[in-house]
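Step one of this worksheet: look at the structure below.
A note on names: the letters A, B, ... follow the listed sequences, proteins ahead of strands, and every chain is numbered from 1. Owing to the predicted nature of the structure, the values given are computational and were not obtained by experimental measurement.
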Number of protein chains: 2
Amino acid sequence: MQLSNSSQYAIRILAYMTDKKDSPLINATELAETLFIPYKFLTKIMTDLVKVDLVESIRGREGGFKLKKKSSDIMVGDILDVFNDSIKDEQCVLGIGFCNGLCKCALHDQWMEPKLLLQKMFRESSLEDIAGRGCKI
Amino acid sequence: MQLSNSSQYAIRILAYMTDKKDSPLINATELAETLFIPYKFLTKIMTDLVKVDLVESIRGREGGFKLKKKSSDIMVGDILDVFNDSIKDEQCVLGIGFCNGLCKCALHDQWMEPKLLLQKMFRESSLEDIAGRGCKI
DNA sequence: TGTTAATTCTACCTTTAAGTAGTAATTAAA
DNA sequence: TTTAATTACTACTTAAAGGTAGAATTAACA
């Protein structure tokens with residue numbers, strides 16, 4: 001019951017980039033070393049983030065990455081979507097999709113409240129909200 | 001962000017066994033067919049549940065399974081523990097263990113409330129509470 | 001006492017997530 | 001124009017989850 005490594009890494013990467021948004025560009029080596037993420041895995045994740053336009057990349061010498069939007073406009077949920085890690089409305093705690101509130105499975109009622117809280121947290125927390133804590137890992 | 005298949009199956013299996021607790025024994029074939037769980041995978045799960053004393057097995061012809069405790073004494077959390085799927089106190093939403101409330105990582109504050117709700121739901125929901133809904137899958 | 005219906009054990013196979021390696025493409029600086 | 005620093009691409013390897021196969025074990029029943 002937790003987020004995938006890719007999602008966890010991506011949140012930490014983007015939160016760090018938010019902290020350093022005054023720097024014009026941040027490169028993969030700095031991200032990997034500061035955040036203790038395997039370099040090659042990190043570059044793969046960055047490519048994904050570039051593809052969905054959360055991050056802009058500048059290739060070549062002196063290149064690097066920067067946020068493509070204001071940090072207050074990037075929500076945690078947007079990041080989770082990239083790695084198929086968000087909680088869908090129809091997702092039942094027992095993994096049966098598409099119950100749409102009609103499902104009467106065990107735990108259905110108990111699941112509603114934490115599920116809504118998690119969805120709200122993912123939907124309403126922006127990078128701006130969660131950054132600036134000085135905690136790198 | 002969801003429970004493992006093994007945990008999901010195990011909850012459904014035990015909830016079904018609770019529904020049928022008047023039957024002296026329930027065998028693997030019935031469970032697999034009723035709950036649409038692959039037979040061989042189900043028997044592996046049952047073996048795990050037997051080893052931790054949630055279920056009792058009677059081998060041989062006319063054998064089968066039955067709950068080893070009162071259904072009001074088996075909590076959902078006990079089941080998740082078997083498959084290492086419960087939420088530990090020190091578990092951070094970003095997957096970093098052992099932050100023990102000292103962690104200041106992104107999302108730390110936002111994670112507390114849903115985390116406590118989920119832990120409470122797992123700790124306080126017994127099979128008795130969640131069974132009897134007539135929903136098999 | 002042999003047959004049969006059941007669980008259990010050991011080992012394997014498949015799929016997906018996680019991580020690695022090598023090289024190509026790009027670009028600024030020397 | 002060469003070189004070094006950088007991201008992007010393709011393919012591979014490893015680890016874990018999910019699932020399968022078949023034989024061994026057990027015990028009721030005929």
Please examine the side chains of [Y] and [X], heavy atoms only from C-beta on, and report whether any two atoms are closer than 4.5 Å.
X         : Y         : value
Leu127(A) : Ile79(A)  : yes
Tyr9(A)   : Pro38(A)  : yes
Thr29(A)  : Tyr39(A)  : yes
Ile11(B)  : Ile130(B) : yes
Glu128(B) : Lys21(B)  : yes

Would you mind classifying the nucleic acid contact of Ser4(B) as base, sugar-phosphate or nothing, using non-hydrogen atoms under 4.0 angstrom?
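Answer is sugar-phosphate: Ser4(B) comes under 4.0 Å of backbone atoms only.
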Rounded to whole Å, please give me the gap between [atom1] in [X] and [atom2] in [N].
X        : N       : atom1 : atom2 : value
Asp48(B) : dG18(D) : CG    : P     : 12 Å
Asn84(B) : dA17(D) : CG    : P     : 9 Å
Ile45(B) : dC9(C)  : CD1   : P     : 16 Å
Glu56(A) : dT6(D)  : CD    : C1'   : 15 Å
Leu49(A) : dA8(D)  : CG    : C1'   : 14 Å
Glu33(B) : dA5(C)  : CD    : P     : 15 Å
Leu25(B) : dA28(D) : CG    : C1'   : 12 Å
Ile26(A) : dA5(D)  : CD1   : C1'   : 17 Å

Any Thr47(A) side-chain nitrogen or oxygen under 4.0 Å from OP1 or OP2 of dA8(D):
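Result: yes.
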Please confirm whether the shortest side-chain N or O distance from Ser57(B) to OP1 or OP2 of dA6(C) is below 4.0 Å.
no
I'd like a list of close polar pairs between nucleotides 19-23 of chain C and the protein, N/O only, cut-off under 3.5 Å.
unit_1: dG19(C); atom_1: OP2; unit_2: Asn5(A); atom_2: ND2; d: 3.4
unit_1: dG19(C); atom_1: N7; unit_2: Lys44(A); atom_2: NZ; d: 3.3
unit_1: dG19(C); atom_1: O6; unit_2: Lys44(A); atom_2: NZ; d: 2.9
unit_1: dG22(C); atom_1: N7; unit_2: Lys40(A); atom_2: NZ; d: 3.0
unit_1: dG22(C); atom_1: O6; unit_2: Lys40(A); atom_2: NZ; d: 2.6

Quick test of your reading of the model: are Lys20(B) and Glu30(B) salt-bridged, counting only N-O distances below 4.0 Å?
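Yes, Lys20(B) and Glu30(B) are salt-bridged.
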Apply side chain to side chain donor-acceptor pair (under 3.5 Å) to residues Glu62(A) and Asn27(A) and explain how you reach the verdict.
CA-CA 8 Å; Glu62(A) 309 281 288; Asn27(A) 68 39; over 6 Å; no
Do Asp81(A) side-chain atoms and Ser86(A) backbone N/O form a donor-acceptor pair below 3.5 Å?
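Such a contact is absent between Asp81(A) side chain and Ser86(A) backbone.
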Rounded at 0.5 Å granularity, tell me how far CG in Asp73(B) sits from CG in Asp78(B).
9.5 Å
Per-nt protein contacts along nucleotides 24-30 of chain C (heavy atom under 4.0 Å; B base, S backbone sugar-phosphate only, - none) come out as -BBBBS-
